[in-house]
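Read through the structure below, which is laid out as C-alpha coordinates, and then see the notes.
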Amino acid sequence: MKLNPVELAVVNNPVRDLVMWASVGWLHDAAGAPEIQRALEIGCGQGSGLRAIARRFHPRAIDGFDLDERQVARARPRVADLDARLWVGDAERIEAEDATYDAVFEFAIFHHVPDWRRALAEVHRVLRPGGLFLFEELSSEFFSDIPLLSPALRRFTVHPWDTMFDLPAFRAALDDAGLKVRALRPNLVPGWHWGVAARA
(Lines give C-alpha, C1' and ligand atoms only; values in the text may rest on other atoms or scores of the structure.)
Protein backbone atom coordinates (compact mmCIF):
# COMPACT_ATOMS: atom_id res chain seq x y z
CA MET A 1 0.00 0.00 0.00
CA LYS A 2 1.51 3.34 -1.09
CA LEU A 3 1.84 6.20 1.38
CA ASN A 4 -0.55 9.13 1.20
CA PRO A 5 0.70 12.77 1.13
CA VAL A 6 0.65 13.07 4.93
CA GLU A 7 2.73 9.92 5.35
CA LEU A 8 5.16 11.00 2.63
CA ALA A 9 5.69 14.28 4.49
CA VAL A 10 6.41 12.31 7.68
CA VAL A 11 9.00 10.00 6.10
CA ASN A 12 10.66 12.49 3.71
CA ASN A 13 12.10 14.87 6.28
CA PRO A 14 15.26 15.35 8.39
CA VAL A 15 13.60 14.23 11.64
CA ARG A 16 12.80 10.84 10.14
CA ASP A 17 16.38 10.66 8.86
CA LEU A 18 17.66 11.12 12.42
CA VAL A 19 15.36 8.37 13.70
CA MET A 20 16.56 6.13 10.87
CA TRP A 21 20.20 6.65 11.87
CA ALA A 22 19.32 5.83 15.48
CA SER A 23 17.47 2.69 14.38
CA VAL A 24 20.37 1.49 12.26
CA GLY A 25 22.84 2.17 15.06
CA TRP A 26 20.82 0.13 17.55
CA LEU A 27 20.34 -2.70 15.05
CA HIS A 28 24.07 -2.79 14.29
CA ASP A 29 24.97 -3.13 17.96
CA ALA A 30 22.13 -5.53 18.78
CA ALA A 31 23.18 -7.80 15.91
CA GLY A 32 26.77 -7.88 17.19
CA ALA A 33 28.29 -5.76 14.42
CA PRO A 34 28.00 -8.53 11.81
CA GLU A 35 30.01 -8.70 8.61
CA ILE A 36 27.59 -8.35 5.71
CA GLN A 37 28.44 -8.98 2.09
CA ARG A 38 25.10 -8.22 0.46
CA ALA A 39 22.15 -6.30 1.97
CA LEU A 40 18.61 -5.45 0.92
CA GLU A 41 16.29 -2.73 2.17
CA ILE A 42 12.57 -3.33 1.73
CA GLY A 43 10.78 -0.02 1.19
CA CYS A 44 13.85 2.11 0.54
CA GLY A 45 11.90 5.38 0.36
CA GLN A 46 14.09 8.34 -0.57
CA GLY A 47 17.29 6.46 0.29
CA SER A 48 17.97 7.50 3.90
CA GLY A 49 17.98 3.91 5.14
CA LEU A 50 20.33 2.78 2.41
CA ARG A 51 22.80 5.51 3.34
CA ALA A 52 22.60 4.65 7.04
CA ILE A 53 23.02 0.92 6.37
CA ALA A 54 26.00 1.53 4.09
CA ARG A 55 27.72 3.80 6.59
CA ARG A 56 27.21 1.58 9.66
CA PHE A 57 27.30 -1.98 8.23
CA HIS A 58 29.62 -1.48 5.22
CA PRO A 59 28.09 -4.15 2.96
CA ARG A 60 29.94 -4.85 -0.28
CA ALA A 61 26.68 -4.62 -2.21
CA ILE A 62 23.36 -3.03 -1.29
CA ASP A 63 19.97 -3.24 -3.00
CA GLY A 64 16.68 -1.53 -2.31
CA PHE A 65 13.17 -1.33 -3.65
CA ASP A 66 9.96 0.56 -2.95
CA LEU A 67 6.38 0.18 -4.09
CA ASP A 68 6.24 3.90 -4.97
CA GLU A 69 8.12 4.78 -8.14
CA ARG A 70 8.37 8.42 -6.96
CA GLN A 71 10.30 7.37 -3.88
CA VAL A 72 12.68 5.27 -5.95
CA ALA A 73 13.24 8.29 -8.22
CA ARG A 74 14.04 10.42 -5.15
CA ALA A 75 16.45 7.78 -3.85
CA ARG A 76 18.53 7.36 -7.01
CA PRO A 77 20.51 10.63 -6.84
CA ARG A 78 20.81 10.39 -3.03
CA VAL A 79 22.57 7.01 -3.22
CA ALA A 80 24.42 7.39 -6.54
CA ASP A 81 27.78 7.23 -4.77
CA LEU A 82 26.83 3.87 -3.20
CA ASP A 83 26.29 2.19 -6.57
CA ALA A 84 23.12 0.72 -5.07
CA ARG A 85 20.75 -1.33 -7.21
CA LEU A 86 17.21 0.10 -6.91
CA TRP A 87 13.90 -0.98 -8.36
CA VAL A 88 10.15 -0.56 -8.00
CA GLY A 89 8.84 -3.67 -6.28
CA ASP A 90 6.46 -5.32 -3.84
CA ALA A 91 7.38 -6.78 -0.43
CA GLU A 92 4.96 -9.66 -1.06
CA ARG A 93 6.97 -10.70 -4.15
CA ILE A 94 10.63 -9.77 -3.81
CA GLU A 95 12.47 -9.83 -7.13
CA ALA A 96 15.52 -11.77 -5.95
CA GLU A 97 16.76 -15.34 -6.05
CA ASP A 98 16.61 -17.61 -3.01
CA ALA A 99 19.35 -17.12 -0.38
CA THR A 100 20.66 -13.93 -2.03
CA TYR A 101 21.23 -11.71 1.01
CA ASP A 102 23.20 -11.76 4.24
CA ALA A 103 20.85 -9.16 5.72
CA VAL A 104 17.41 -7.76 4.95
CA PHE A 105 16.38 -4.43 6.51
CA GLU A 106 12.84 -3.13 6.93
CA PHE A 107 11.90 0.20 8.48
CA ALA A 108 8.18 0.56 9.27
CA ILE A 109 6.97 -1.00 6.02
CA PHE A 110 5.18 -4.24 6.91
CA HIS A 111 2.30 -2.55 8.74
CA HIS A 112 1.44 -1.11 5.30
CA VAL A 113 1.48 -4.55 3.63
CA PRO A 114 -1.90 -6.32 3.43
CA ASP A 115 -0.37 -9.82 3.32
CA TRP A 116 2.50 -9.14 5.71
CA ARG A 117 2.89 -12.85 6.52
CA ARG A 118 3.72 -13.48 2.88
CA ALA A 119 6.25 -10.64 3.07
CA LEU A 120 7.92 -12.34 6.06
CA ALA A 121 8.05 -15.58 4.06
CA GLU A 122 9.75 -13.66 1.26
CA VAL A 123 12.32 -12.30 3.72
CA HIS A 124 13.08 -15.87 4.78
CA ARG A 125 13.34 -16.99 1.16
CA VAL A 126 15.83 -14.33 0.05
CA LEU A 127 18.02 -14.60 3.17
CA ARG A 128 20.87 -17.08 3.20
CA PRO A 129 20.80 -19.59 6.10
CA GLY A 130 21.87 -17.70 9.21
CA GLY A 131 21.17 -14.36 7.52
CA LEU A 132 19.68 -11.51 9.52
CA PHE A 133 16.34 -9.73 9.34
CA LEU A 134 16.75 -6.31 10.97
CA PHE A 135 13.57 -4.34 11.47
CA GLU A 136 11.93 -1.25 12.90
CA GLU A 137 8.18 -1.73 12.87
CA LEU A 138 4.91 -0.20 14.01
CA SER A 139 2.13 -2.50 15.18
CA SER A 140 -1.55 -1.82 15.83
CA GLU A 141 -0.85 -0.62 19.39
CA PHE A 142 0.87 2.46 17.95
CA PHE A 143 -2.39 3.40 16.24
CA SER A 144 -4.69 2.68 19.19
CA ASP A 145 -2.90 3.05 22.54
CA ILE A 146 -1.24 6.49 22.48
CA PRO A 147 -3.53 9.30 23.70
CA LEU A 148 -3.96 12.17 21.22
CA LEU A 149 -1.47 10.74 18.69
CA SER A 150 -3.26 7.50 17.81
CA PRO A 151 -6.62 9.09 16.85
CA ALA A 152 -4.83 11.56 14.54
CA LEU A 153 -2.84 8.75 12.93
CA ARG A 154 -5.99 6.72 12.32
CA ARG A 155 -7.64 9.72 10.71
CA PHE A 156 -4.84 11.00 8.50
CA THR A 157 -2.96 7.86 7.45
CA VAL A 158 -3.95 4.98 5.20
CA HIS A 159 -3.31 1.41 6.32
CA PRO A 160 -4.76 -2.06 5.86
CA TRP A 161 -6.44 -1.80 9.27
CA ASP A 162 -8.25 -5.14 8.97
CA THR A 163 -5.03 -7.12 8.55
CA MET A 164 -2.60 -5.06 10.65
CA PHE A 165 -0.77 -7.08 13.33
CA ASP A 166 -0.30 -6.41 17.01
CA LEU A 167 3.12 -7.08 18.55
CA PRO A 168 2.35 -10.64 19.82
CA ALA A 169 1.04 -11.61 16.36
CA PHE A 170 4.15 -10.22 14.68
CA ARG A 171 6.44 -12.11 17.08
CA ALA A 172 4.54 -15.34 16.46
CA ALA A 173 4.64 -14.81 12.69
CA LEU A 174 8.41 -14.32 12.78
CA ASP A 175 8.73 -17.73 14.43
CA ASP A 176 6.30 -19.29 11.94
CA ALA A 177 8.34 -17.85 9.05
CA GLY A 178 11.55 -19.41 10.38
CA LEU A 179 12.97 -16.10 11.61
CA LYS A 180 14.19 -16.53 15.19
CA VAL A 181 14.33 -13.36 17.25
CA ARG A 182 17.76 -12.62 18.72
CA ALA A 183 17.13 -9.14 20.12
CA LEU A 184 14.23 -6.77 20.72
CA ARG A 185 14.54 -3.17 21.84
CA PRO A 186 12.58 -2.33 24.98
CA ASN A 187 9.16 -1.06 23.94
CA LEU A 188 9.50 2.60 24.99
CA VAL A 189 6.54 3.66 22.83
CA PRO A 190 3.51 1.36 22.47
CA GLY A 191 3.64 -0.49 19.17
CA TRP A 192 7.05 0.84 18.05
CA HIS A 193 9.60 -1.96 18.11
CA TRP A 194 13.06 -2.67 16.73
CA GLY A 195 14.49 -6.16 16.44
CA VAL A 196 16.96 -8.60 14.99
CA ALA A 197 15.97 -12.07 13.83
CA ALA A 198 17.99 -14.78 12.09
CA ARG A 199 16.92 -17.19 9.40
CA ALA A 200 16.89 -20.69 10.86
Side-chain angles (χ1 to χ4, degrees), residues 1 20 23-45 47-69 71-72 75-76 79-137 139 163 165 167 169-185 193-200:
M1 179 174 284
M20 183 80 69
S23 297
V24 170
W26 184 91
L27 292 169
H28 177 268
D29 296 344
E35 183 176 331
I36 293 173
Q37 300 297 317
R38 190 166 183 188
L40 170 70
E41 184 187 359
I42 295 172
C44 64
S48 300
L50 291 167
R51 295 204 66 80
I53 293 162
R55 182 163 182 179
R56 196 65 192 264
F57 285 85
H58 308 289
R60 292 191 179 177
I62 189 165
D63 298 341
F65 69 87
D66 200 285
L67 187 63
D68 190 334
E69 61 280 357
Q71 290 287 75
V72 174
R76 288 192 192 284
V79 301
D81 60 316
L82 301 180
D83 195 27
R85 185 174 75 91
L86 302 180
W87 69 92
V88 176
D90 186 344
E92 296 178 15
R93 290 170 289 280
I94 298 175
E95 296 175 17
E97 298 295 325
D98 295 357
T100 296
Y101 297 104
D102 300 294
V104 173
F105 294 81
E106 179 261 319
F107 300 105
I109 296 299
F110 283 2
H111 71 281
H112 286 282
V113 178
D115 194 350
W116 55 273
R117 287 183 176 85
R118 179 171 178 173
L120 285 176
E122 282 289 274
V123 169
H124 181 274
R125 181 183 67 78
V126 301
L127 276 174
R128 64 167 178 77
L132 298 176
F133 175 45
L134 304 105
F135 60 89
E136 173 208 22
E137 193 49 79
S139 55
T163 61
F165 47 83
L167 180 53
F170 190 71
R171 286 289 309 277
L174 287 168
D175 285 337
D176 292 344
L179 299 165
K180 302 305 177 188
V181 173
R182 288 187 175 175
L184 273 180
R185 177 177 176 265
H193 38 97
W194 302 348
V196 178
R199 177 186 165 175

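Counting begins at 1 with the first residue of the sequence. Please read all numbers here as calculations on a predicted model, not as lab measurements.
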Query raised in the report: How close do Asp175 and Lys180 get, heavy atom to heavy atom, and via which atoms?
Result: O-NZ, 3.4 Å
Query raised in the report: Does the Thr100 side chain pair with the main chain of Val126, one donor and one acceptor, at a distance under 3.5 Å?
Result: no
Query - Distance (rounded to the nearest 0.5 Å) between Glu136 CD and Ile109 CD1 - result: 9.5 Å
Requested in this report: Take Glu95 and Phe65 through the test side chain to side chain contact (heavy atoms under 4.5 Å, CB included) and record every step on the way to the result.
Outcome: CA-CA 9 Å; Glu95 296 175 17; Phe65 69 87; over 6 Å; no
Report task. Please list, chain by chain and in numerical order, all residues satisfying side-chain hydrogen bond (donor to acceptor under 3.5 Å, both in side chains) with Asp90, sequence neighbours excluded. Result -> Arg93
Query raised in the report: Is the number of heavy atoms from other residues, nucleotides or ligands within 6.0 Å of CZ (Arg38) greater than 12?
Result: yes
Requested in this report: Mind listing the closest non-hydrogen atom pair of Gly49 and Phe107 along with its distance?
Outcome: CA-CE1, 4.4 Å
Query raised in the report: Would a 4.5 Å heavy-atom cut-off, applied to side chains only, mark Tyr101 and Asp63 as touching?
Result: yes
Report summary line: Exactly one candidate in Phe170, Phe110, Phe105, Trp194 meets ring-ring contact (aromatic ring centres under 6.0 Å, His included) with Phe135; the answer is Phe170
Query raised in the report: If only atom types and distance count, is the side chain of Arg56 paired as donor or acceptor with the main-chain N or O of Val24 below 3.5 Å?
Result: no
**Report entry** Verdict with supporting geometry, His112 and Leu67, side chain to side chain contact (heavy atoms under 4.5 Å, CB included)
**Finding:** CA-CA 11 Å; His112 286 282; Leu67 187 63; over 6 Å; no
Query - All salt bridge (Lys or Arg N to Asp or Glu O under 4.0 Å) counterparts of Glu137, not counting sequence neighbours - result: none
Report summary line: Rounded to the nearest 0.5 angstrom, the CD1-CD1 distance for Ile36 and Ile53 is 8.5 Å
**Report entry** Any donor-acceptor pair under 3.5 Å from Asp66 side chain to Gly45 backbone
**Finding:** yes
Report summary line: dist Arg76:CZ -> Cys44:SG (nearest 0.5 Å) comes out at 8.5 Å
Query raised in the report: Closest heavy-atom contact between Ala169 and Trp116?
Result: O-CH2, 3.9 Å
Report task. Please name the pair of heavy atoms, one in Ala198 and one in Leu132, separated by the smallest distance, quoted to 0.1 Å. Result -> CB-CD2, 4.0 Å
Query raised in the report: Looking only at heavy atoms, what is the nearest atom pair of Leu134 and Ala103, with distance?
Result: CD1-CB, 3.8 Å
Query raised in the report: Hey, mind stepping through Asp115 and Thr163 against side chain to side chain contact (heavy atoms under 4.5 Å, CB included) and telling me if it holds?
Result: CA-CA 8 Å; Asp115 194 350; Thr163 61; over 6 Å; no
Query raised in the report: Below 4.0 angstrom, N of the basic side chain to O of the carboxylate: do Asp98 and Arg125 qualify?
Result: yes
Report task. Answer yes when Asp29 and Arg185 have at least one side-chain N-carboxylate O distance shorter than 4.0 Å, and no when they do not. Result -> no
Query - For the student: nearest non-hydrogen atoms of Ala173 and Leu120, plus distance - result: CB-CD1, 3.7 Å
Query raised in the report: Between CZ of Arg117 and CG of Leu174, what distance do you get to the nearest 0.5 Å?
Result: 10.5 Å
Report summary line: Given the options Arg128, Arg60, Arg199, Asp102 meets salt bridge (charged side-chain N to carboxylate O under 4.0 Å, His left out) only with Arg128
Query raised in the report: Would Asp81 and Arg51 count as a salt bridge (charged side-chain N to carboxylate O under 4.0 Å, His left out) if you check the C-alpha gap in whole Å, the side-chain angles of each, and the deciding distance to 0.1 Å?
Result: CA-CA 10 Å; Asp81 60 316; Arg51 295 204 66 80; 2.9 Å; yes
Query raised in the report: Should Val104 and Ile94 be marked as a side chain to side chain contact (heavy atoms under 4.5 Å, CB included) after you check the CA-CA gap, both sets of side-chain angles, and the distance that decides it?
Result: CA-CA 11 Å; Val104 173; Ile94 298 175; 5.7 Å; no
**Report entry** Backbone N/O of Arg118 and side chain of Glu92: donor-acceptor pair under 3.5 Å
**Finding:** no
Query raised in the report: At what distance, to the nearest 0.5 angstrom, does CD of Glu41 lie from CG of Leu86?
Result: 9.5 Å
